[in-house]
Amino acid sequence: MGFVSKVLRQLGIQLHQLTPNAFTRLSVFAMAMKMLGHVPNADTFIWFYEMQYRRGEVWDPIVGKKLPLEFRAFSFVPKKT
């Protein structure tokens, strides 16, 4: 099982729930680990990053206001120490 699959499994989310920025965070982390001579590890990624829920809204011209989207999207942000 690959690095991304392990991260998703441990966090209980699915691939289609990630934002484009989440893919960037995963890729940069994996590249940095490989450049340092390490294998990307899901536990290490989760140690440094936390999952953030992104609530989306869309403008509805018929109703004349913003309405919440019906799906959840997640991103990763560095943990605050």
Side-chain angles (χ1 to χ4, degrees):
M1 184 180 314
F3 163 67
V4 174
S5 299
K6 288 180 184 176
V7 170
L8 296 177
R9 182 173 295 218
Q10 287 186 17
L11 295 174
I13 58 176
Q14 297 179 6
L15 191 64
H16 69 275
Q17 293 177 303
L18 295 179
T19 64
N21 287 341
F23 288 105
T24 303
R25 293 273 187 195
L26 288 164
S27 299
V28 168
F29 179 84
M31 181 186 67
M33 291 294 287
K34 288 180 181 180
M35 289 175 66
L36 292 171
H38 300 284
V39 176
N41 186 333
D43 292 325
T44 307
F45 180 82
I46 293 170
W47 177 265
F48 288 107
Y49 290 94
E50 62 187 4
M51 194 168 53
Q52 186 178 46
Y53 172 68
R54 297 283 186 186
R55 184 171 160 247
E57 295 179 333
V58 63
W59 175 260
D60 188 345
I62 296 171
V63 179
K65 64 179 183 178
K66 288 185 177 181
L67 300 175
L69 294 176
E70 297 297 325
F71 62 88
R72 297 186 295 171
F74 297 97
S75 187
F76 300 111
V77 293
K79 286 184 179 178
K80 294 177 175 68
T81 56

Does V39 share a hydrophobic cluster with F3, counting links as ILVMFWY side-chain heavy atoms below 4.5 Å and allowing steps through other members? no
What residues, two or more places apart in sequence or in another chain, satisfy side-chain hydrogen bond (donor to acceptor under 3.5 Å, both in side chains) together with Q10? D43
Neighbour count >12 (heavy atoms, 6.0 Å) for atom CZ, F48: no
Connected via hydrophobic side-chain network under 4.5 Å: V77 and L18: no
What distance separates L26 CG from L8 CG, expressed to the nearest 0.5 Å? 7.0 Å
Y49 and M35: same hydrophobic cluster, using ILVMFWY side-chain contacts below 4.5 Å? no
Ignoring hydrogens, what is the shortest heavy-atom contact between F74 and A22? Give both atom names and the distance. O-CB, 3.7 Å
Sub-6.0 Å ring centroid separation between F76 and F29: no
If I take atom CG from residue L36 and atom CE from residue M31, how far apart are they, to the nearest 0.5 angstrom? 10.0 Å
Looking at OG of S75 and CD of E50, how far apart are the two atoms once the value is rounded to the nearest 0.5 Å? 10.5 Å
Nearest heavy atoms of T44 and M33, plus distance in Å: CG2-CE, 4.5 Å
Once rounded to the nearest 0.5 Å, what's the spacing between atom CZ of R25 and atom CE of M51? 14.5 Å
